[in-house]
Amino acid sequence: MSLPWGPSGPVEWEYYAMNASHNGVGRRQIRRALVAGMAAVALLLAGCSAGDEEDRQGADGKAASDTTCDGRIDGTAHITLWFHAGQSGEQSTLRSQVKEFNKAQRQVRVELVTLPEQRPYTELVLSAAASGDLPDLLDFDGPNLYSYAWSGKLKPIDSCVPAGVRKDLLPSIRQQGTYDGRLWGVGTFDSGLGLYVRPSVLRKAGIRIPKGTGDAWTADELTGILRKLRAEGYEAPLDLNFVDSASPDEWNTYAFAPAVWSAGGDLIDPQGFRTADGFLNGPESVKALTTLQSWVTKGYVDRDRNKNAFVKGRTPLSWMGHWKYGEFSAAHPGDVAIVPLPDFGAGTATGMGSWQWGIPSGGADGDAVWRFLEYLLRPEQVLRMSEANGAIPGTERAVGLSKKFDENGPERLFIEQLRGGVARPRPQTPAYPAITKAFSRAVADSVFAGAPVEKTLDAAVEDINKDLAAHDGYPQSEP
């Protein structure tokens, strides 16, 4: 997922783009994409071998009908890939993987272009799509897949992914990569979200510690816990990543859509994705955000600008993602546990989804691209990347190599949530860019700035439905 901390500015964007290690082809692509400019942003808001033939199946189990891969690579294939400038560990690991892959064989030559993450990266992708200059292999934040697939920016990859590889992917990875009954993307890692807690603090206060997804605190119970922790001397005992949450960004949708789902609400009609009315502004959604808002208005939520409230010990509870485990456990050795997000009435829910790989439309040799992707999906390579960025390995075999996800492993909850259906993808519709823009702003305005919840959600529904109407509901392709 896109991490919540700030996007790179325009100067940094151009610096990365023009100073990335790539040949003239990649440089020309980026230059033309930059010239295409910001106008293309409206497109987002408006709108190895491939395996044996019988081993390549569609997302519905039937024989793949796409022709992205045909099982052949003619001559030496040169492919260019774009990668967001995320964590330094991700970049250095991928750089090493590309170098080692190129060294190990001669048929496919891979060239890496590293670009900034979050908004500037997405803008560059859209600009490149508008000018026909996308690379052969594209890295993108998972929820954007549906918009890219619907608008023709990606090729389906059912014909590329053998059944054995598909089966090894976590169910959440397969779900995230599927749109309109076809597979369009794969990821080497997934994400986890939960409540980090200090067991020593909770035990001292006589507060029970949930043991798993079926044992989550209720929202009302958590309200009482916050009150009790304040009495124990923790003035603002809950970390909700206040500084980033107060700004409309992807973090708000990833982090707080689970509260809406847990209450029985949704961001949009989950069956046909035809309207947000009655779902995002329904009583369940209003109740969930009103509860979150109450925690803020009562002062239970830490407003730390340095984002270190849990590390410094001021808050014994933190609503946060997998990427914080290393930092938190280092700050409190042996005194960090991860429990499910609270149950707002319909069972605990949590977020999922992260960066994925897809093959853009164009003249790329799908088999050559898949040869490299297949290498990245080998268990040892998947584990290598997840250890570098602290994420959850994207394949079952790689998960089995990590003790963190064993029966008594410290991050076991994350994999249980991904396997067990507690984790839900953000809405799998091409309207997602409009949905996340509206919802993330509604969360920032109501939960963290105190605006009336129902009125704010009504306005978000209006924005989403305008986008749906402008695109005739984003009709799916014919069978």
Side-chain angles (χ1 to χ4, degrees), residues 4-6 193-198 201 205 207 216-263 265 267 280-321 324 339-345 348-351 436 438-460:
W5 27 96
L193 183 67
L195 274 176
Y196 287 87
V197 304
R198 297 274 308 282
V201 174
I207 298 169
W217 292 321
T218 66
D220 288 342
E221 187 178 5
L222 180 53
T223 300
I225 289 169
L226 296 175
R227 189 182 305 118
K228 191 168 189 177
L229 288 171
R230 172 175 284 177
E232 292 287 324
Y234 294 93
E235 182 63 26
L238 178 61
D239 171 25
L240 286 183
N241 194 24
F242 186 91
V243 173
D244 291 317
S245 302
S247 301
D249 205 345
E250 186 63 26
W251 159 254
N252 280 359
T253 305
Y254 177 77
F256 303 115
V260 170
W261 297 329
S262 175
L267 310 191
L280 180 53
N281 59 351
E284 299 86 357
S285 303
V286 171
K287 181 180 179 182
L289 293 198
T290 299
T291 298
L292 290 170
Q293 183 190 67
S294 73
W295 295 341
V296 175
T297 56
K298 291 176 181 176
Y300 292 142
V301 176
D302 190 277
R303 296 178 179 239
D304 178 29
R305 292 190 175 276
N306 295 320
K307 308 179 188 180
N308 62 6
F310 190 88
V311 167
K312 295 297 183 181
R314 289 199 310 276
T315 64
L317 306 176
S318 180
W319 187 303
M320 188 51 71
K324 283 293 188 178
V339 303
L341 295 180
D343 178 355
F344 286 78
T348 183
T350 189
T436 189
F439 181 72
S440 63
R441 178 165 292 282
V443 169
D445 290 347
S446 62
V447 173
F448 294 94
V453 172
E454 189 168 1
K455 182 179 179 180
T456 303
L457 290 179
D458 283 340

Worksheet item: How far apart are the closest heavy atoms of V286 and V453, and which atoms are they?
Response: O-CG1, 3.7 Å

Worksheet item: With under 30° as parallel and over 60° as perpendicular, where do the rings of F242 and F448 fit, or are they tilted in between?
Response: perpendicular

Worksheet item: If every non-hydrogen atom of S262 is compared with every non-hydrogen atom of P342, which pair is closest and at what distance?
Response: OG-O, 3.5 Å

Worksheet, complete the sentence: Rounded to the nearest 0.5 Å, the CG atom of L226 sits from the CD atom of E221 at a distance of 11.0 Å

Item to complete: Kindly say whether V260 contributes a backbone atom to a donor-acceptor pair with the side chain of S285 at under 3.5 angstrom?
Response: no

Fill in: With A309 via side-chain contact (heavy atoms from CB on, under 4.5 Å) - residues at least two apart
D302, D304, R314, T315

Practice prompt. Check whether any side-chain heavy atom of Y234 sits under 4.5 Å from a side-chain heavy atom of L317, and report yes or no.
Written response: no

Worksheet, complete the sentence: Hits for ring-ring contact (aromatic ring centres under 6.0 Å, His included) against F310, two or more places apart or cross-chain, chain-then-number order -> F328, H332

Response to the item:
Heavy atoms of W319 and A255 approach each other most closely as NE1-O, 3.1 Å

Worksheet item: Counting N and O atoms only, with roles assigned by atom type, does the side chain of T348 sit under 3.5 Å from a partner on the main chain of D343, one being a donor and the other an acceptor?
Response: no

Worksheet item: How about P258 and L193: do any of their side-chain heavy atoms sit closer than 4.5 Å?
Response: yes

Worksheet item: Which atom pair, heavy atoms only, marks the closest approach of D249 to S440?
Response: O-CB, 3.2 Å

Worksheet item: For A257 and F439, which heavy atoms make the closest approach, and how far apart are they?
Response: N-CE2, 3.7 Å

Practice prompt. Kindly give the heavy-atom pair with the smallest separation between G351 and Y254, and that separation in Å.
Written response: C-CE1, 3.8 Å

Fill in: Rounded distance [0.5 Å steps], CG in L238 versus OG in S318
7.5 Å

Fill in: Donor-acceptor under 3.5 Å (K228 side chain, A205 main chain)
yes

Response to the item:
When rounded to the nearest 0.5 Å, the distance separating CG of L222 from CH2 of W295 is 4.0 Å

Worksheet entry | T436 and L267: CA distance, side-chain angles, deciding distance, side chain to side chain contact (heavy atoms under 4.5 Å, CB included) verdict | CA-CA 9 Å; T436 189; L267 310 191; over 6 Å; no

Practice prompt. State, yes or no, whether a side-chain contact exists between Y300 and R227 at a heavy-atom distance under 4.5 Å.
Written response: yes

Discussion item. Using a 6.0 Å cut-off, check whether atom CZ of R441 has over 12 heavy atoms from anything other than its own residue.
Written reply: no

Discussion item. Can you confirm whether R303 sits close enough to V296 that some side-chain heavy atom of one is under 4.5 Å from a side-chain heavy atom of the other?
Written reply: yes

Fill in: Flag if over 12 foreign heavy atoms under 6.0 Å of CD, E454
no

Worksheet item: Do side-chain atoms of S294 reach the backbone of T291 as a donor and acceptor pair under 3.5 angstrom?
Response: yes

Discussion item. How long is the straight-line distance from CG of D220 back to CD1 of I225, given to the nearest 0.5 Å?
Written reply: 11.0 Å

Fill in: Side-chain donor or acceptor of Q293 paired with backbone N/O of P452 under 3.5 Å
no

Discussion item. Show, in sequence, the C-alpha distance, side-chain angles and deciding distance for D244 and K307, and conclude whether the side chain to side chain contact (heavy atoms under 4.5 Å, CB included) test is met.
Written reply: CA-CA 9 Å; D244 291 317; K307 308 179 188 180; 3.0 Å; yes

Item to complete: Flag the pair T350 / W261 as yes when at least one side-chain heavy-atom distance between them is below 4.5 Å, and no otherwise.
Response: no

Worksheet item: Any side-chain heavy atom of L229 within less than 4.5 Å of one from P316?
Response: yes

Worksheet item: F256 vs W251 aromatic rings, parallel, tilted or perpendicular, using cut-offs 30° and 60°?
Response: perpendicular

Item to complete: Name all residues meeting the side chain to side chain donor-acceptor pair (under 3.5 Å) criterion together with N252; count only those two or more places apart in sequence or in a different chain, and write none if there are none.
Response: none

